[in-house]
Structure formats: C-alpha cells, structure tokens
Amino acid sequence: MQIPKEGEFVTIQSYKHDGNLHRTWRDTMVLKTSEYSMIGVNDHTLVTESDGRRWVTREPAIVYFHKKCWFNVIAMIREKGVSYYCNLASPYLLDEEALKYIDYDLDIKVFPDGEKRLLDVDEYEQHSKLMHYPQDVDYILKENVKILVDWINNGKGPFSEGYIDIWYDRYKQLSRK
C-alpha cells in the first residue's frame, strides 16, 4: 500500500463495530502523512450515509487521524470561529480502497468559545449492548475521552495555537496549483 502524497485525494470510510459501513467521505485532500498520522481537508466534500442519503459538507474542515489514538478530530472552519467535532473511534488503517476506522458513537464537540460537550452517550450505551462492545474497548474509549479532553484543555495536536491556520493555508496553496 502506497501512502498518499500531499495534494492527493483519499476516501474516508467509517464503520460500526459490527462491520457495517456507516459513512463515506469522497475526495479528502491529503495535507500531510507521517508514520502515525494523516492530516487532510474536506471542502464541499460528498458524504454518503449508510442508508444511501448524500450531502455535501458546507465549510472547509481540517481532519486529523492517528494510528495510536482512539479518536479523530474534524475542525470545521466557520465564520464565527472554529468548531471541533471529535469522534471516539478506533485508530485508522489505510488500504488501497480508503482510510478506515470504527466509529464508537461517543463524540466531543468543542465550540468556538471553548465550551465542550460530550455527545451521544445514549447511542453509545445502546450500541454497546446491541453490538457487544468488549470490556477492553469500553475501557480504552473511556480513557481516550480523558486523553482527548486533556488535548483540548492544553492545546495539544489539532487544538494547538496556529494549527488550523497552518493547515488551512497549506490547503489554499495546494488548491491553487
């Protein structure tokens, strides 16, 4: 498997624990890949839901995936500021088809004013029973909520000062080529 280069496009596929495809993003532009992470951007990207519904993202969003972290981060660049949508999810893998991960329902939304909200706890509890999430996965996810909140509170990774500006500027440079 060849690692995508800066400026190339990948498809992103999220799955549920039972193996069913959950959502697909077509044509995410790759901004950077390293041994453990990928940074990309979605801008008016076609999204297909598992039930076949399709929609297009409204604003540019910087996406961050890591091979060791049980979460990924979507930073939506809006007029009122940056909103972060953080999915508790398996570390990603990349194959010939797409960048893939398992979505574990729990999400943290960070608003431009810094307010944080843990979302979809009910959905997590329901799916945990329905799809029989193993105890170790439950433990890992709950520990990763703490890690993610620490990253948010301390400006680590995609939450660091200047991160969004750097990657959004890089996207604009690559888009002009």
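One finds the CG atom of L106 at 10.5 Å from the CG atom of L148 (value rounded to the nearest 0.5 Å). For the atom pair I152 CD1 and C86 SG, the distance stands at 4.5 Å (nearest 0.5 Å). Taken from CG in L21 to CZ in R23, the straight-line distance is 10.0 Å, to the nearest 0.5 Å. Residue L141 holds its CG atom at 8.0 Å from OH of Y133, rounded to the nearest 0.5 Å. Taking CD from Q13 and NZ from K100, the interatomic distance works out to 5.0 Å, rounded to the nearest 0.5 Å. For the atom pair Y36 OH and K68 NZ, the distance stands at 4.0 Å (nearest 0.5 Å).
Counting heavy atoms from C-beta outward, P134 and H17 have side chains that approach closer than 4.5 Å. Proximity of L118 to V121: side-chain heavy atoms (C-beta onward) are separated by under 4.5 Å at one or more points. Using a 4.5 Å heavy-atom cutoff, the side chains of T28 and V63 are in contact. Annotation: side chain of F9 is not in contact with side chain of P4 (no heavy-atom distance under 4.5 Å). Contact annotation: the side chain of P91 never approaches that of C69 to less than 4.5 Å [non-hydrogen atoms, C-beta and beyond]. Here the side chains of Y84 and I62 are not in contact, with every heavy-atom distance at 4.5 Å or above.
A salt bridge is defined here as a Lys NZ or Arg NE, NH1 or NH2 lying under 4.0 Å from an Asp or Glu carboxylate O, and D18 with K16 fails to meet this definition. Checked for salt-bridge contact, E6 and R170 meet the test: a charged N lies under 4.0 Å from a carboxylate O. Looking at D138 and K142, a side-chain N of the basic residue comes within less than 4.0 Å of a carboxylate O on the acidic one, giving a salt bridge.
L94 and I102 end up in different hydrophobic clusters when Ile, Leu, Val, Met, Phe, Trp and Tyr side chains are linked at under 4.5 Å. Side-chain heavy atoms closer than 4.5 Å link hydrophobic residues (I, L, V, M, F, W, Y) into clusters, and following such links, possibly through other members, connects Y124 to V149. Cluster membership for I39 and W70, using ILVMFWY side-chain heavy atoms within less than 4.5 angstrom, is shared. Residue Y85 is grouped with residue M38 when hydrophobic side chains (ILVMFWY) are merged at heavy-atom distances under 4.5 angstrom, including chains of intermediate members. The cluster map of Ile, Leu, Val, Met, Phe, Trp and Tyr, joined by side-chain heavy atoms under 4.5 Å apart, puts V73 and I147 in the same cluster.
Judged by distance alone, the side chain of N154 and the main-chain N or O of K156 form no donor-acceptor pair under 3.5 Å. S175 places a side-chain N or O within 3.5 Å of a backbone atom of Y171 that can act as its donor or acceptor partner. Within the 3.5 Å criterion, the main-chain N or O of E97 finds a donor-acceptor partner in the side chain of D95. A distance-only check finds a donor-acceptor pair linking the side chain of E8 to the backbone of K5 [under 3.5 Å].
Across I77, L31, V41, a single residue satisfies side chain to side chain contact (heavy atoms under 4.5 Å, CB included) together with W167, and that is L31. Of the options I108, L88, D107, a side chain to side chain contact (heavy atoms under 4.5 Å, CB included) to D120 is made by D107 and by none of the others.
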message: Assess the residue pair T24 and V47 against the criterion (side chain to side chain contact (heavy atoms under 4.5 Å, CB included)); give the C-alpha distance rounded to whole Å, side-chain angles, the decisive distance to 0.1 Å, and a yes or no.
response: CA-CA 6 Å; T24 302; V47 180; over 6 Å; no
message: Pair T48, R26 - check side chain to side chain contact (heavy atoms under 4.5 Å, CB included), show working.
response: CA-CA 8 Å; T48 306; R26 258 213 17 229; over 6 Å; no
- request: Output, in order, the C-alpha distance, side-chain angles, deciding distance and verdict of side chain to side chain contact (heavy atoms under 4.5 Å, CB included) for S14 and W25.
  value: CA-CA 9 Å; S14 84; W25 292 260; 4.1 Å; yes
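In plain terms, the two heavy atoms of P158 and I164 that are nearest each other are O-CD1, 4.2 Å. Of all heavy-atom pairs spanning V82 and A75, the tightest one is CG1-CB, 3.9 Å. Of all heavy-atom pairs between Y92 and S37, the closest is OH-C, 3.4 Å. Listed here is the closest heavy atom pair of V110 and K116: CG2-CG, 4.1 Å. The shortest heavy-atom contact between E115 and R117 is OE2-NE, 2.9 Å. Across all non-hydrogen atoms, the minimal contact from D43 to E59 is OD1-C, 4.1 Å.
With hydrogens and angles left out, the side-chain atoms of W55 and E49 include a donor and acceptor closer than 3.5 Å. Inspection of the T57 and N42 side chains reveals no N or O donor paired with an N or O acceptor under 3.5 Å. When only modelled atom types and interatomic distance are considered, N20 and Y15 share no side-chain donor-acceptor pair under 3.5 Å.
Between F65 and Y101, the two ring planes are tilted [angle within 30° to 60°]. In this pair, F71 and W151 present their aromatic rings perpendicular. The plane angle is above 60°, beyond the 30 to 60° band.
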